[in-house]
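Computed from heavy atoms alone, side chains included, the values below leave out hydrogens, waters and symmetry copies. Naming convention: chains lettered A, B, ... in sequence-line order (proteins, then strands); numbering from 1 in each chain.
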Amino acid sequence: MNLSRRTLLKAGLGALAVPAVAACNNGAAARGDGEIIYWLWDSAQLPMYTECAKVFHEQNPQYTVKIEQYGWNDYWSKLVTGFISDTAPDVFTGHSSKYPLFADKGQVLPIDDYVAKDNVDLSIYQKGLADRWIGADGKRYGLPKDWDTEVYFYNSALTEAAGISTEQLNSMTWNPKDGGTFEQIVQRLTVDSKGRRGDQPGFDKSNVKVYGLGYADAGGGDGQTSWSWYAASNGWKYSEGEPWGTKFFYGDPKFTETIGWWRGLITKGYMPTYAQAKSGVDVTTSFGAGKYAITPNGSWMLGTYGELKQVKTKLARLPIGPVGKRMSMMNGLADTIWAGTTRRDASWAWVKFLGSQTAQDIVAKAGVVFPAVAASMPAAKAAFAKSGWDVTPFLEPVEAGDVFPYPANPNAADVTAVMTPAMDAVMSFEAEPGSLAKANRDVNKILSANA
Amino acid sequence: MTTTNAPPTRKRSHGDSAAPPRKRRNLGDLKVAMIFIAPATLGFVVFYIWPTLRGAYLSFTEYSLLSAPKFNGLANYERMVQDSFFWNALGVTVEYVVINIGVQTVLAVGIAMLMYRLTKSITVRAVILAPYLVANVVVALVWYWMLDVQVGVVQTFLGWVGIDPVAFFGDSHWAIPTVAGINVWRHMGYTALLVFAGLQTIPKYVYEAAEVDGSTEWKTFWRITLPLLRPVLVMVLVVTMIGSFQIFDTVAVTTQGGPINATRVIYYYIYERAFTRFDFGYASAMALVLFAILAVVSLLQLRLLRAKESDLA
């Protein structure tokens with residue numbers, strides 16, 4: 001008994017020591033001067049970046065890049081522990097919801113000097129993208145690598161069965177009063193268990209087989225893939241002085257009437273109840289099982305939708321809202337340098353390379369994301385066309401300039417902690433849209449306390 | 001233990017002459033003992049004592065992980081009293097523990113009794129233990145899929161018996177019972193085995209006596225089995241309850257605190273505060289309060305249920 005316990009303990013201590021030692025090796029001392037570590041979270045992009053690292057090494061033989069990939073959830077906690085223990089990667093993929101806090105805490109390196117010294121041409125990127133990486137303090141923290149917008153992904157077998165044409169789907173209008181032609185289409189696409197459509201007499205809204213519109217969640221504070229384009233095309237904006245909001249407007253009638261209309265689709269039976277929506281594994285799985293006719297989503301989900309073999313998925317434009325145009329959120333990723341790196345020059349060389357057309361052409365050809373460099377876009381479009389996607393609806397708002405940024409904020413996590421339960425409560429009819437005014441006050445209190 | 005190895009001599013068992021060699025002998029053991037417990041002590045100090053002390057210190061600071069901790073006295077504790085999320089988290093956790101431990105203990109005792117009375121088969125024991133061998137996260141994910149309101153297989157079964165789909169994870173009233181149920185499913189076999197081991201310590205003669213006296217099965221269970229099982233049952237209760245208070249992974253992979261705040265259990269809230277909101281000082285303060293609660297609950301259980309005494313004596 002004693003013996004086995006001791007052995008166990010030794011083995012346990014040994015096992016604990018191994019990753020500790022391994023973690024130390026991740027540190028700067030053990031590596032060659034030209035070797036940098038780069039992190040990303042999307043496994044689908046690993047092959048392209050491995051390819052980029054190869055080309056980078058050929059162009060700069062003095063530098064090598066070691067790529068490590070961790071899933072989205074592990075990624076951020078690992079990164080933060082890396083910051084604290086001085087073992088963070090030299091360069092890592094950043095997200096606009098996360099980097100403002102890191103910048104605020106001095107963990108990411110401003111690259112203004114490098115950009116000026118090497119005369120980096122920032123006009124090669126899609127309009128407005130490079131500026132997303134200028135923090136609240138006016139310093140630049142990254143070079144953009146890709147971007148995303150939102151559209152409707154629809155099940156074409158269901159729209160054909162409903163007699164709705166591609167033209168109709170691509171010329172939808174929306175308003176918060178009656179939902180416009182968008183709501184009519186969603187209504188028609190909803191089918192109850194007896195096969196009656198939402199616009200047919202006798203439609204039984206408590207026994208719906210196919211919902212016209214699906215949604216993943218209540219959207220929290222950003223509503224990126226749930227309500228952001230309705231609110232924006234209703235003339236609403238997140239905050240004063242976007243994107244570095246100091247005062248938010250979640251209590252604005254333009255916002256609350258949008259949310260009121262949106263959750264009204266649940267009452268009408270065109271959208272599942274919040275409980276049902278949240279009880280699903282995820283919205284794409286339900287869409288793939290033919291339970292939803294339309295689901296809004298971001299361009300990064302193209303690969304996932306492409307893998308749904310039971311349904312034929314096509315893309316439709318967002319609706320034209322009261323402001324007279326279509327609006328989409330445009331967000332993107334960038335490569336950022338850890339402030340604690342001992343290999344600043346090598347890190348910058350890699351960031352600069354990833355931001356160049358050479359690297360982005362490699363990324364574009366894989367057809368996984370949209371490259372940030374405008375000239376690389378045709379290659380990406382062709383790659384997506386090869387896998388059967390006409391990605392025009394994603395590009396149009398960008399070309400027209402009708403896009404708005406992700407509501408970035410150094411206190412994003414605290415804002416989310418208030419807005420997620422508040423939106424959940426409204427969507428599950430446990431609170432009225434008017435209650436968002438109180439949530440808005442809480443959000444503004446957090447911002448003024450941390451200002 | 002070691003002293004019994006030496007045959008007692010008259011000389012040693014009487015008077016002062018016995019004392020000095022014994023003392024020396026004990027000290028000699030101490031050296032060896034130190035060597036043997038050193039690895040364990042090192043692990044205990046490095047991985048338990050030190051983090052606990054540091055956590056206690058951090059609970060009196062404002063610490064955002066990315067900049068040095070700043071001492072702020074009792075501010076975190078004051079905040080906690082006013083934080084409605086904290087009280088909600090405690091309430092949700094207690095609801096979870098009551099459902100989880102209540103159902104699990106009753107089922108475990110039931111299963112253990114069945115095993116004890118009906119079969120001693122190793123295969124049956126292995127099957128009963130099987131869910132416990134699957135990783136928590138995997139269990140949670142598989143159940144999440146099976147309970148999916150749109151495509152879950154459980155909903156199909158419910159449909160056969162005429163029950164409408166139930167939004168197990170999405171409905172705020174169902175979420176905690178669902179999470180508790182999943183963990184009951186995973187842990188009841190293991191708990192049953194512990195109880196089963198306890199049952200085997202009850203001497204056969206008490207049952208024989210009961211039978212002679214004409215006791216019914218039901219009466220035997222309440223009057224003999226349960227009272228004699230009490231010390232084991234208390235141990236099982238204390239251990240499972242501490243584990244139950246620390247519910248985290250099932251919530252983290254399924255509801256993540258939602259819908260609304262229905263499953264934001266205390267551990268998940270601590271984690272959120274510490275690692276997504278970088279409010280490490282406040283999170284440490286909550287962890288310390290949880291530690292105190294668990295210590296008090298465990299002590300109360302041990303005291304009230306007289307864990308040290310057995311009715312056999």
TODO: Answer yes or no: is there a donor N or O on one side and an acceptor on the other, between the side chain of A:Ser279 and the main chain of B:Val149, under 3.5 Å?
DONE: no
Task: Region of A:Gln276 in contact with chain B, defined by heavy-atom distances below 4.5 Å - done: both
Open item on the list: Tell me whether the count of non-hydrogen atoms from other residues, nucleotides or ligands lying under 6.0 Å of OH in B:Tyr77 goes above 12.
Closed with: yes
Task: Minimum heavy-atom distance B:Ile260-A:Asp424, with the two atoms named - done: N-OD2, 3.4 Å
TODO: Find the one option among A:Lys278, A:Met423, A:Lys105, A:Lys98 whose heavy-atom pairs under 4.5 Å with chain B are most numerous.
DONE: A:Lys105
Task: Heavy-atom proximity to chain A below 4.5 Å, by part of B:Ser172 - done: side chain
Open item on the list: Out of B:Leu147, B:Asn261, B:Thr276, B:Val46, return the one with the most heavy atom pairs under 4.5 angstrom to chain A.
Closed with: B:Asn261
Task: B:Arg264 CZ to A:Thr420 OG1 distance, which is reported to the nearest 0.5 Å - done: 8.0 Å
Open item on the list: As an exercise, state the distance from OG of B:Ser64 to CG of A:Leu101, rounded to the nearest 0.5 Å.
Closed with: 7.5 Å
Task: B:Glu62, CD atom: more than 12 neighbouring heavy atoms under 6.0 Å - done: no
Open item on the list: To the closest 0.5 Å, what do you measure between OG1 (A:Thr416) and CD (B:Glu272)?
Closed with: 9.5 Å
Task: Max heavy-atom pair count under 4.5 Å with chain B, selected residue of A:Pro421, A:Ala277, A:Ala417, A:Gly106 - done: A:Pro421
TODO: With chain B as the partner chain, list the residues of residues 77-85 of chain A whose heavy atoms fall under 4.5 Å from it, by residue number, and write 'none' if nothing qualifies.
DONE: A:Val80, A:Phe83, A:Ile84
TODO: Count the heavy-atom pairs under 4.5 Å between each of A:Ala431, A:Ala425, A:Ala289 and chain B, then report the option with the highest count.
DONE: A:Ala425
Task: Flag if over 12 foreign heavy atoms under 6.0 Å of CH2, B:Trp174 - done: no
Task: Proximal component of A:Ser428, with respect to chain B [non-hydrogen, under 4.5 Å] - done: side chain
- [ ] Just give me the residue among B:Trp145, B:Phe275, B:Phe169 that pairs up with chain A most often, heavy atom to heavy atom, under 4.5 Å.
- [x] B:Trp145
